[in-house]
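In what follows, chains are A, B, ... by sequence order, proteins preceding strands, each numbered from 1. Note that the structure is a prediction, hence the values are computed from the model and not measured.
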Amino acid sequence: MDLIQLLDQLVQMISNPSVDISFGWMVLGWMYTLGFFIYVMFAVMVIRQIQMMSQTFTTPLRGVLLGFALGHLLVAISIFALSFISLI
Amino acid sequence: MTATDKSSPKKKDAKDNTFRRKQRPLEDFSQVLRDADVCENPLAAYAPKPAGLKFESQAETERVVMLLRRHPITNIRWVLTAIILSLAPQILQFVPFLDFFPDQYQMFTLLGWYMLIFAYSLENFLSWFFQVNIITDERIIDIDFYSLIFKKVSSAKLDNVEDITSSTGGFLRSLLNYGTVIVQTAATQQEFEFIDVPQPDQVIKLLNELLLEEEQEKLEGRAY
């Protein structure tokens with residue numbers, strides 16, 4: 001199925017709920033999961049960012065920020081896993 | 001005393017002090033630092049004598065005199081934006097916006113929305129926190145943090161400072177006493193800007209005191 005057919009099915013799904021929309025929701029589920037995966041990468045980059053800047057100058061708040069960023073990464077991974085299980 | 005005896009104390013001093021710079025306590029020559037206590041708040045925007053601060057290229061005998069960030073009020077824009085965006089789902093629930101989505105998709109949409117707001121807030125906070133200006137008794141350092149993976153560190157020796165200017169304009173800046181300090185140098189980067197820092201007049205005063213101390217060190221032969 002090419003992109004135009006896919007988009008056409010998505011538009012039909014939105015405008016006419018009686019149409020079989022399972023494929024459309026599956027695609028949407030994949031998009032959500034991909035988005036959460038990109039967010040996990042962002043969370044990893046935040047940790048790297050804090051590490052890099054802490055090498056430039058060290059502050060007493062470094063440990064707190066790193067812990068916070070790690071917690072943030074864990075939450076991001078959990079939500080990604082949950083979306084993978086629930087939506088796909 | 002013999003010639004040898006006369007020369008041995010000098011030789012001993014030369015061995016001990018050749019590469020050791022004779023430094024005066026900071027409070028001896030700086031009224032700004034004399035009037036200020038050690039700053040232990042890691043989130044302070046104006047931090048004279050910051051506790052526990054070290055930076056990458058800091059020399060062994062180099063002392064950090066002040067840490068500066070943008071005034072906290074400069075964060076009000078993204079804070080308000082984040083608050084308004086957080087309240088958006090509560091307001092939009094009166095509008096049938098995503099009712100055609102199944103429940104689990106609505107939940108993940110909401111989760112994704114709040115995650116985006118959190119990412120926006122976190123990035124803005126880190127940008128504010130890590131963009132600092134450091135003044136030591138030897139140099140001024142400007143650390144700029146442009147994106148997740150790009151940083152720029154500029155430094156100039158106090159000897160190269162040629163001109164210091166401060167500007168405070170506008171109602172909020174006058175009310176909260178923050179402004180921009182521009183330092184002209186003879187270094188590779190000719191202009192250092194301390195943007196929206198608190199108490200710019202005190203920053204200028206401190207820089208002038210440090211410059212005078214540098215001159216004094218050269219005259220007295222205490223410099224490298």
Side-chain angles (χ1 to χ4, degrees), chain A residues 13-18 21-22 24-66 68-69 71-73 75-88, chain B residues 39-44 47 50-58 64 67 69 98-116 118-123 125-134 136 141-155:
Chain A
M13 174 191 78
I14 293 166
S15 58
N16 187 0
S18 64
I21 58 174
S22 60
W25 290 121
M26 189 181 77
V27 168
L28 195 63
W30 275 107
M31 286 167 65
Y32 269 67
T33 308
L34 180 65
F36 289 127
F37 178 71
I38 291 169
Y39 190 87
V40 168
M41 288 197 296
F42 164 78
V44 170
M45 285 168 75
V46 165
I47 293 174
R48 181 68 195 122
Q49 179 191 39
I50 293 172
Q51 274 182 338
M52 192 171 69
M53 292 312 294
S54 295
Q55 281 170 5
T56 308
F57 76 96
T58 311
T59 71
L61 213 55
R62 179 175 179 257
V64 172
L65 283 176
L66 273 175
F68 195 67
H72 171 237
L73 176 64
V75 168
I77 290 172
S78 308
I79 292 174
F80 165 68
L82 193 63
S83 73
F84 190 82
I85 294 166
S86 306
L87 302 179
I88 296 191
Chain B
C39 180
E40 296 188 354
N41 179 7
L43 294 174
L53 179 80
K54 290 178 187 174
F55 61 95
E56 211 169 19
S57 57
Q58 185 174 358
V64 177
L67 176 83
R69 292 189 179 95
L98 293 175
D99 281 356
F100 63 93
F101 271 31
D103 288 343
Q104 62 193 85
Y105 283 88
Q106 286 187 30
M107 182 191 79
F108 279 105
T109 304
L110 206 62
L111 264 177
W113 177 254
Y114 282 115
M115 283 166 73
L116 281 174
F118 184 78
Y120 170 73
S121 307
L122 182 64
E123 192 52 35
F125 170 76
L126 290 175
S127 174
W128 172 79
F129 184 79
F130 283 117
Q131 281 200 11
V132 297
N133 303 108
I134 298 172
T136 73
I141 297 116
D142 184 12
I143 299 173
D144 289 324
F145 188 46
Y146 292 113
S147 68
L148 286 175
I149 51 173
F150 184 75
K151 71 174 181 183
K152 181 182 168 193
V153 180
S154 313
S155 72

Greatest number of heavy atom pairs closer than 4.5 Å to chain A - which of [options]:
options                           : answer
I134(B), T109(B), L111(B)         : T109(B)
F118(B), F130(B), F125(B), F55(B) : F130(B)
V132(B), V153(B), V64(B)          : V132(B)
M115(B), E40(B), K151(B)          : M115(B)

Practice item. Report the relative orientation of the aromatic rings in Y32(A) and Y105(B); use parallel for angles under 30°, tilted for 30 to 60°, perpendicular for over 60°. Key: perpendicular
Practice item. Below 4.5 Å from any heavy atom of chain A, which atoms of F129(B) appear? Answer side chain, backbone, both or neither. Key: both
Study note, to complete from the structure: Between P60(A) and A51(B), the two heavy atoms sitting closest are CG-O, 3.7 Å
Practice item. Taking all heavy atoms of Y39(A) and all of A119(B), pick out the closest pair and write down the distance. Key: CE1-CB, 3.6 Å
Check your understanding: Nearest 0.5 Å, what's the CZ-CG distance between F108(B) and L82(A)?
Key -> 4.0 Å
Point to revise | L65(A) CG to L122(B) CG distance, which is reported to the nearest 0.5 Å | key: 8.5 Å
Review point. Has the side chain of Q104(B) got a donor or acceptor atom that lies under 3.5 Å from a matching backbone atom of S86(A)?
Key: yes
Point to revise | Side chain to side chain, M53(A) and L126(B), heavy atoms closer than 4.5 Å | key: no
Check your understanding: Side chains of F57(A) and K54(B): does their closest heavy-atom pair fall under 4.5 Å?
Key -> no
